[in-house]
Amino acid sequence: MKGKAGGARRARSGRADALAGGAVYSSRLENHRMADKQDEKKVTARSVDFAAWYNEIIARAELADHSPVRGCIVFRPDGFAIWEALRDELDRRIKKTGARNAYFPLFIPQSFLHKEAQHVEGFAPEVAVVTHGGGKELEEPLIVRPTSETIINYMFAQWIHSHRDLPLMINQWCNVVRWEMRTRPFLRTTEFLWQEGHTAHATKAEAEREALTMLEVYRAFVEDYLAVPLVTGRKSAAERFPGAEETYSIESLMGDGRALQCGTSHYLGDNFARAFEIRFLDTQNQLQHPHQTSWGVSTRLLGAIIMSHGDDQGLRLPPAVAPLQAVIVPIWRKAEEGEPVLAAARAARDTLEGAGVRVRLDDREGLTPGFKFNDWEMRGVPVRIEIGPRDVAARNAVLARRDRLGREGKATASLDGLAAHVSALLDDVQQSFYTQARDAMRANTRQFDDYAKFRAQMEGEGGGGMADVYWCGSAACETRIREETRATCRAIPLGQSGAAGRCLVCGEAAQERAFFAKAY
RNA sequence: CGGGGCGUGGCGCAGCCUGGUAGCGCACACGCUUGGGGUGCGUGUGGUCGCCGGUUCAAAUCCGGCCGCCCCGACCA
């Protein structure tokens with residue numbers, strides 16, 4: 001963080017210099033200082049330096065902090081509360097599909113990883129290995145799970161004997177470790193939190209259906225609850241999970257024009273069942289390997305929320321997951337006005353709390369209302385309630401919504417029926433965040449039939465956006481795109497009508513369109 | 001691992017060239033003031049200047065070595 005923040009500061013100092021450039025020489029230094037001082041209060045504008053903006057709001061909104069171990073982050077209470085809120089809701093939705101929660105160990109015998117060829121090839125380079133314990137070298141090293149397919153399937157082999165044991169649907173919430181070369185808070189950290197579902201089914205068709213069911217669970221959850229718009233589809237062979245027959249993905253487009261994989265669901269075939277010798281007797285008394293799936297989303301979703309909704313003013317949190325949905329800022333001028341205002345504010349808080357709104361009364365002393373407005377906006381609170389002497393006299397409150405800044409987003413509401421007003425407003429803000437993000441994604445998604453234009457777009461500033469193109473499906477064309485533009489295949493939408501076209505790259509017949517973008 | 005840069009209170013930086021009392025902004029604490037969009041003023045807390053060694057009467061500053069971090073590249077289920 002040190003250096004990254006430093007970069008941000010330097011960028012802003014540069015801007016201050018530019019502003020002071022026209023001033024007379026004698027006052028230049030002074031101007032520089034003043035510009036710097038005002039800048040100090042603001043976050044780096046999102047449009048000026050997206051990466052610096054991202055790091056800054058995580059720090060200033062107190063979502064996370066860096067740990068002494070490279071690539072690991074500490075979730076601070078406000079950041080963890082977002083995770084808890086989304087975890088609780090997703091957990092409900094997962095259980096509704098029939099999966100049950102369990103917990104498998106952090107440590108896995110190293111040899112397990114080697115049982116599935118593609119799986120080991122995919123994960124070996126980024127696995128942390130424990131070689132010592134109890135003061136001596138271990139007979140067999142343990143790996144710290146990068147994902148739990150191996151240990152879970154080892155157990156499945158002991159639990160599954162009959163078609164009556166199927167389907168077996170297990171989910172676990174846990175931490176995993178992957179030794180990544182480059183890390184970014186939430187988006188790619190050495191250790192991260194996630195849920196991983198693992199299922200085993202009697203038939204291929206049933207497992208394939210399960211993978212798609214979970215894709216839809218994720219899509220609905222992320223779009224409705226996190227207000228993050230998505231494109232969905234299956235992955236190309238190159239982007240597939242190691243050991244999977246098919247990988248499905250939900251993908252979103254961030255504010256800087258880069259795509260983010262928000263969750264995946266895999267149809268694993270019987271690859272792991274064979275590797276771990278999971279067999280069951282079917283109704284014909286025949287020994288069979290079950291067909292399997294796995295699916296997961298991680299704390300990366302916090303990064304998606306931040307980058308999808310945040311603006312120049314800071315964080316913007318969808319009401320569904322916001323730790324604080326509404327904040328009440330009391331306002332008064334003369335001392336004798338204080339108590340009536342505070343009394344009204346407390347009453348409003350109690351009313352809202354009673355209605356299930358996550359609300360806080362900001363009665364901190366010595367801070368101006370203006371400061372508090374900016375502070376809570378920076379922290380992403382969706383609704384602000386202002387109560388001053390004028391409001392108390394009129395039995396009103398001013399409601400300000402985070403999706404529309406300034407006077408435009410303010411409206412007066414009666415203190416009677418405040419809870420209903422606020423609840424409706426929260427629903428509206430939630431919807432508004434989704435609509436705004438969806439429109440931004442659409443505006444940044446383009447169709448291309450000319451490879452040169454596609455290339456120019458991907459090379460341009462702003463991350464390139466999402467490209468919707470015909471692709472023949474060959475690895476050669478995919479590789480060429482990646483090497484020449486750094487864009488990768490994000491998803492191939494399902495259920496395409498079959499209207500054929502010409503491959504963007506080679507011009508040969510193409511049966512499907514695919515989304516390509518530069519990704520996190 | 002290759003190229004570039006940086007290590008000075010919690011954060012951001014100046015001071016180093018030309019050795020001699022460690023400084024500024026923010027944050028923090030206290031007081032007054034202010035309060036419908038980042039109030040203002042005052043007082044104060046906090047630093048063995050990354051580490052080790054050398055030169056010197058004297059090292060943040062000069063010299064040597066080491067360590068760490070960041071950026072670009074390689075890599076990224």
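Reminder, nothing fancy here: chain letters follow the sequence lines and each chain counts from 1.
Base pairing annotation: U34(B) forms no Watson-Crick or G-U wobble pair, as no partner gives both donor-acceptor distances under 3.5 Å. The nucleotide C6(B) finds its pairing partner in G68(B), both defining distances of the Watson-Crick or G-U wobble pair being shorter than 3.5 Å. Pair assignment for G25(B) gives C11(B), based on Watson-Crick or G-U wobble hydrogen-bonding distances that are each under 3.5 Å. The partner of C17(B) is absent, by the rule that a Watson-Crick or G-U pair needs both atom distances under 3.5 Å. Nucleotide C1(B): paired with G73(B) (Watson-Crick or G-U wobble, both distances less than 3.5 Å).
Straight-line distance from the CH2 atom of W179(A) to the C1' atom of C76(B): 15 Å, rounded to whole Å. A straight line from CZ of F371(A) to P of C26(B) spans 13 Å, rounded to a whole angstrom. Distance D49(A) CG to C71(B) P: 12 Å, rounded to the nearest Å. When the P atom of C26(B) is taken as reference, atom CG of D375(A) falls 17 Å away, rounded to whole Å. Summarising the geometry, the separation between CZ on R184(A) and C1' on C75(B) is reported as 16 Å, rounded to the nearest angstrom. Atom CZ in R390(A) sits roughly 10 Å away from atom P in G36(B) (whole-Å rounding). One atom, CZ of R364(A), and another, C1' of G35(B), lie 14 Å apart when rounded to the nearest Å. Taking atom CG of L367(A) as the reference point, atom P of A27(B) lies 11 Å away to the nearest angstrom.
At the heavy-atom level, Q313(A) lies under 4.0 Å from base atoms of the strands shown. The residue V329(A) sits apart from the nucleic acid: no heavy atom pair falls under 4.0 Å. Among the heavy atoms of the strands, none lies under 4.0 Å from P146(A). Counting non-hydrogen atoms under 4.0 angstrom, F123(A) reaches a base of the nucleic acid. Residue contacts for E239(A): at a heavy-atom cut-off of 4.0 Å it reaches no nucleic acid atom on any strand shown. Using a 4.0 Å heavy-atom cutoff across all strands shown, R384(A) reaches at least one base atom of the nucleic acid. Contacts of Q261(A) with the nucleic acid, taken as non-hydrogen atoms under 4.0 Å apart, include base atoms.
If you take atom C1' in G3(B) and the same atom in G23(B), they sit 35 Å apart, rounded to whole Å. Separation of the C1' atoms belonging to A60(B) and G15(B) is 8 Å when rounded to the nearest angstrom. For the P atoms, the distance from U48(B) to G5(B) is 30 Å, rounded to whole Å. Taking atom C1' on both nucleotides, G7(B) is separated from C76(B) by 29 Å, rounded to a whole Å. A distance of about 14 Å separates the P atoms of U8(B) and C69(B), rounded to the whole Å. Atom name C1', nucleotides G64(B) and U56(B): the rounded distance is 16 Å, in whole Å. Comparing G35(B) with G46(B), their P atoms sit 34 Å apart, to the nearest whole Å. Distance noted for atom C1' between C26(B) and A14(B): 15 Å (whole Å).
Screening residues 112-124 of chain A for salt bridge (Lys or Arg N to Asp or Glu O under 4.0 Å), with sequence neighbours left out, gives no hits.
For G37(B), the base has a donor-acceptor partner in the side chain of K410(A) [N/O atoms by modelled type, under 3.5 angstrom]. The base of G36(B) lies close enough to the side chain of D391(A) for a donor and an acceptor atom to sit less than 3.5 Å apart.
Contact between the side-chain N/O atoms of R486(A) and the OP1/OP2 oxygens of C75(B) is not found at any separation under 4.0 Å. The shortest distance between the side-chain N/O atoms of R182(A) and the OP1/OP2 oxygens of G73(B) is below 4.0 Å.
Judged by distance alone, with hydrogens and angles left aside, the side-chain atoms of D312(A) form a donor-acceptor pair with the main-chain N or O of R46(A) at under 3.5 Å.
Aromatic ring centroids of F186(A) and F75(A) lie under 6.0 Å apart.
A side chain to side chain contact (heavy atoms under 4.5 Å, CB included) with W295(A) is found for exactly one of H198(A), H266(A), E210(A), namely E210(A). Of the candidates F123(A), Y267(A), Y248(A), F123(A) is the only one forming a ring pair (Phe, Tyr, Trp, His ring centres under 6.0 Å) with F241(A).
Here the side chain of E180(A) is nearest to one of C76(B), G37(B), G36(B), namely C76(B).
A 6.0 Å sphere centred on CZ of R364(A) holds more than 12 heavy atoms belonging to other residues, nucleotides or ligands.
Defined by atom type and a distance below 3.5 Å, a donor-acceptor pair is missing between the side-chain atoms of R349(A) and T351(A).
Mapped onto RNA chain B by nearest heavy atom, I331(A) and Y520(A) fall at different nucleotides, with I331(A) at the one closer to the 5' end. Place F192(A) and R407(A) on RNA chain B by their nearest nucleotides, and R407(A) ends up nearer the 5' end.
Taking Q110(A) as the reference, nothing meets the side-chain hydrogen bond (donor to acceptor under 3.5 Å, both in side chains) condition, with sequence neighbours excluded.
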